[in-house]
Amino acid sequence: MRKETRFKFNGYLTRLGEIYGVQPREFAESKVEISPAAAQKLETKIQLSAVFLTKINIVPVKNQIGEKIGLGIGSTVAGTTDTTKKDREPIDPTALTGQKYHCQQTNFDTAIRYEKLDMWAMFEDFQRRIRDAIIQRQALDRIMIGFNGTSRAATSNRTVNKLLQDVNVGWLHKIRLEAPTQVIGSSTDKDTNVVTPEPIKVGKNEGYKNIDALVMQAVNNAIAEEFADDTGLIAICGRSLLDEKYFPIVNRDQPNSEALAGDVIISQKRLGGLMAMRVPYFPKNAILITRLDNLSIYVQIDSRRRQVEDNAKRDRIENYESVNEDYIIEDYDCVALIENIEIINEETAPDAAAGDDAEQKAKMLATAEENTALKAELDALKKEIEQKEKAGK
């Protein structure tokens, strides 16, 4: 590390000490417990570093285990009471769901090599570059876990599980395990945690003519009645499904030109009448229908720890950071997961196409011959009429 870089890096540690209320050397000696206020500021920065995280809930909780909050409205409140016979009874619309959360430790350990620090030292925003590199990766990893996590291993293996499947149980797998009736396209054995695909085929000769029809049926059958007409419902989907979708008319197989005339909404990318959203790391052949505020990450307030080391043996600085968190679906009645969607493209076989072409050419030739014969007959008739007219004169 160059001298100028060392000076700026020490300034970075000093600034961290000011934020966390400790001496800079304490970061190298042991893990530092981050105060709730500082931890909340860090959580806010992580949330703001990824657009998707700003649209869902990051919920600070005091206890490691407790009841999840829910969507906020757990009951209707309108009613009538005959007060000559009984007292009016108020209803708590924010009642807890009775379902539990359990925040478990996730490590966000990062390393930045001296060469990169030397390069960043040339810029005035040196400290911000270190901060952003760390928090942006944490934000993206949270999204990755949320959509791909299926278990929590004692020691995770990022080589085998490239999408962090073994770091924590994410939103989609929570639905498979805790609300299997809300899942279309797979079944999950809770004892073995094994997911069995049950492909949903979409195509001209399949049960669903297009993705719109599939989404509409999922809303009608899986989403509870009180949420089915909610304008906040969206369809989070994989990129391959949006690539397959152009302008199909619901449950009809139409040429693109006819569909284009019926629904010009390609820029909005709607699916089954719902706004479609693409999110990083979402499974490419799946659709999640829900409200965005139905997705939460619970973070235990006093659980964040951090240590920053200068590891000269590896020519890098190392940032060891951990926090207890859990991925939560607030209300399973407001969610539907469709996965293992297969788009079946019905194309005409080459031999059949060749036969069709030959038949078409034969028809065209016959038509041309008929037209030639008809023209000859007309010319002869015209000539005969002219001769009769001359004879009459």
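The figures here come from the full heavy-atom set of this structure, side chains too, leaving out hydrogens, waters and symmetry mates.
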Legend entry - Where Val61 and Tyr101 come nearest, the two heavy atoms and their spacing: CB-OH, 3.5 Å
Inset, instruction - Start with the C-alpha gap between Ile56 and Trp171, add the side-chain angles, then the distance that decides, and say whether side chain to side chain contact (heavy atoms under 4.5 Å, CB included) holds. - result: CA-CA 12 Å; Ile56 67 171; Trp171 298 301; 3.7 Å; yes
Legend entry - Any donor-acceptor N/O pair, Lys201 side chain to Ile344 backbone, under 3.5 Å: no
Legend entry - Check: Gln105 main-chain N/O paired with Arg152 side-chain donor or acceptor under 3.5 Å: yes
Inset, instruction - Verify, without hydrogens or angle tests, whether Lys62 (side chain) and Ile301 (backbone) share a donor-acceptor contact under 3.5 angstrom. - result: no
Legend entry - Backbone N/O of Gln165 and side chain of Asn148: donor-acceptor pair under 3.5 Å: no
Inset, instruction - Could you tell me whether a side-chain N or O of Gln307 sits under 3.5 Å from a main-chain N or O of Tyr320, the two making a donor and an acceptor? - result: no
Inset, instruction - Say whether Ile236 and Leu164 are linked into one hydrophobic cluster, either directly or through other cluster members, by side-chain heavy-atom distances under 4.5 angstrom. - result: yes
Legend entry - Exam field: side chain Asp141 to backbone Met144, donor-acceptor pair closer than 3.5 Å: no
Inset, instruction - Side-chain contact test, heavy atoms from C-beta onward, threshold under 4.5 Å: evaluate it for Glu342 versus Asn285 and give yes or no. - result: no
Legend entry - Atom pair CD1/CD of Ile175 and Gln182 - distance to nearest 0.5 Å: 8.0 Å
Inset, instruction - Could you tell me which non-hydrogen atom of Ala213 sits nearest to which non-hydrogen atom of Asn210, and how far apart they are? - result: N-OD1, 3.0 Å
Inset, instruction - State whether Arg304 and Glu321 are salt-bridged, where the test is any N-O pair (Lys NZ or Arg NE/NH1/NH2 against Asp/Glu carboxylate O) under 4.0 Å. - result: yes
Inset, instruction - Answer yes or no on whether Arg306 is positioned over the face of Tyr20, meaning its NZ or CZ is under 6.0 Å from the six-membered ring centre and within 45° of the axis. - result: no
Legend entry - Verdict with reasoning, Phe123 to Arg128, per side chain to side chain contact (heavy atoms under 4.5 Å, CB included): CA-CA 10 Å; Phe123 300 95; Arg128 184 178 62 80; over 6 Å; no
Legend entry - Asp326 with Lys100: basic N within carboxylate O range, under 4.0 Å: no
Inset, instruction - Answer with yes or no whether the side chains of Glu198 and Ser187 bring together a donor and an acceptor at under 3.5 Å. - result: yes
Inset, instruction - To the nearest 0.5 Å, tell me how far Glu4 CD sits from Met122 CE. - result: 9.0 Å
Legend entry - Flag, side chain of Thr54 to backbone of Leu48, donor-acceptor distance under 3.5 Å: no
Inset, instruction - Taking the side chain as every heavy atom from C-beta outward, state whether Asp118 and Met1 have any atom pair closer than 4.5 Å. - result: yes
Inset, instruction - Return yes if some donor-acceptor pair links the side-chain N/O of Asn63 with the main-chain N/O of Ile65 below 3.5 Å, else return no. - result: no
Inset, instruction - Answer yes or no: is there a side-chain heavy-atom contact under 4.5 Å between Ile130 and Ile134? - result: yes
Legend entry - Interatomic distance, Gln64 atom CD to Gln300 atom CD [nearest 0.5 angstrom]: 5.0 Å
Inset, instruction - Provide the closest heavy-atom pair for Leu53 versus Gln47 in the form atom of the first, atom of the second, distance. - result: O-NE2, 2.9 Å
Inset, instruction - Could you state whether Ile19 and Ile46 fall into the same hydrophobic cluster, counting links through intermediate Ile, Leu, Val, Met, Phe, Trp or Tyr residues with side-chain heavy atoms under 4.5 angstrom apart? - result: yes
Legend entry - Short side-chain to backbone donor-acceptor contact, Asp166 and Asn157, under 3.5 Å: yes
Legend entry - Taking every non-hydrogen atom, the tightest pair across Ile289 and Ile223: O-CD1, 4.0 Å
Inset, instruction - Under the salt bridge (Lys or Arg N to Asp or Glu O under 4.0 Å) rule, what do Arg142 and Glu43 come out as? Steps first, then yes or no, please. - result: CA-CA 12 Å; Arg142 277 182 165 172; Glu43 288 294 342; 2.8 Å; yes
Inset, instruction - Provide the closest heavy-atom pair for Asp191 versus Asp189 in the form atom of the first, atom of the second, distance. - result: N-OD1, 2.8 Å
Legend entry - same_hphob_cluster(Leu163, Phe108) at 4.5 Å side-chain heavy-atom cutoff: yes
Inset, instruction - Please examine the side chains of Tyr208 and Gln217, heavy atoms only from C-beta on, and report whether any two atoms are closer than 4.5 Å. - result: yes
Inset, instruction - Answer yes or no: is there a side-chain heavy-atom contact under 4.5 Å between Val299 and Cys103? - result: no
Legend entry - Side-chain ion pair, Asp310 and Arg6, N-O less than 4.0 Å: yes
Inset, instruction - For the pair Glu318 and Asp109, evaluate side chain to side chain contact (heavy atoms under 4.5 Å, CB included) and give the outcome as yes or no after the intermediate values. - result: CA-CA 7 Å; Glu318 298 171 347; Asp109 301 335; over 6 Å; no
Legend entry - Approximate separation, where rounding is to 0.5 Å, of His173 NE2 and Asn168 CG: 11.5 Å
Legend entry - Common cluster, Ile341/Val195, ILVMFWY with side-chain heavy-atom separation under 4.5 Å: no
Inset, instruction - Give a yes or no on whether Ile145 and Leu292 share a hydrophobic cluster (residues Ile, Leu, Val, Met, Phe, Trp, Tyr; joining criterion: side-chain heavy atoms under 4.5 Å apart). - result: yes
Legend entry - Residue pair Leu177 / Asn193, side-chain heavy-atom distance below 4.5 Å: yes
Inset, instruction - List the steps, then state whether side chain to side chain contact (heavy atoms under 4.5 Å, CB included) holds for Phe52 with Leu295. - result: CA-CA 11 Å; Phe52 178 72; Leu295 304 178; 3.9 Å; yes
Inset, instruction - Using a 4.5 Å cut-off on heavy atoms from C-beta on, say whether the side chain of Ile211 contacts that of Ile287. - result: yes
Inset, instruction - Mind checking the OG-NZ spacing from Ser296 to Lys68? Nearest 0.5 Å is all I need. - result: 9.0 Å
Inset, instruction - Look only at the side chain of Asn294 and the backbone of Glu330, and say whether a donor-acceptor pair between them is shorter than 3.5 Å. - result: yes
Legend entry - Considering all heavy atoms, the nearest Leu288-Phe147 contact: CD2-CE2, 4.4 Å
Legend entry - Reported CD1-to-CZ distance for the pair Ile143 and Phe282, which is rounded to 0.5 angstrom: 12.5 Å
Inset, instruction - Flag the pair Tyr332 / Thr181 as yes when at least one side-chain heavy-atom distance between them is below 4.5 Å, and no otherwise. - result: no
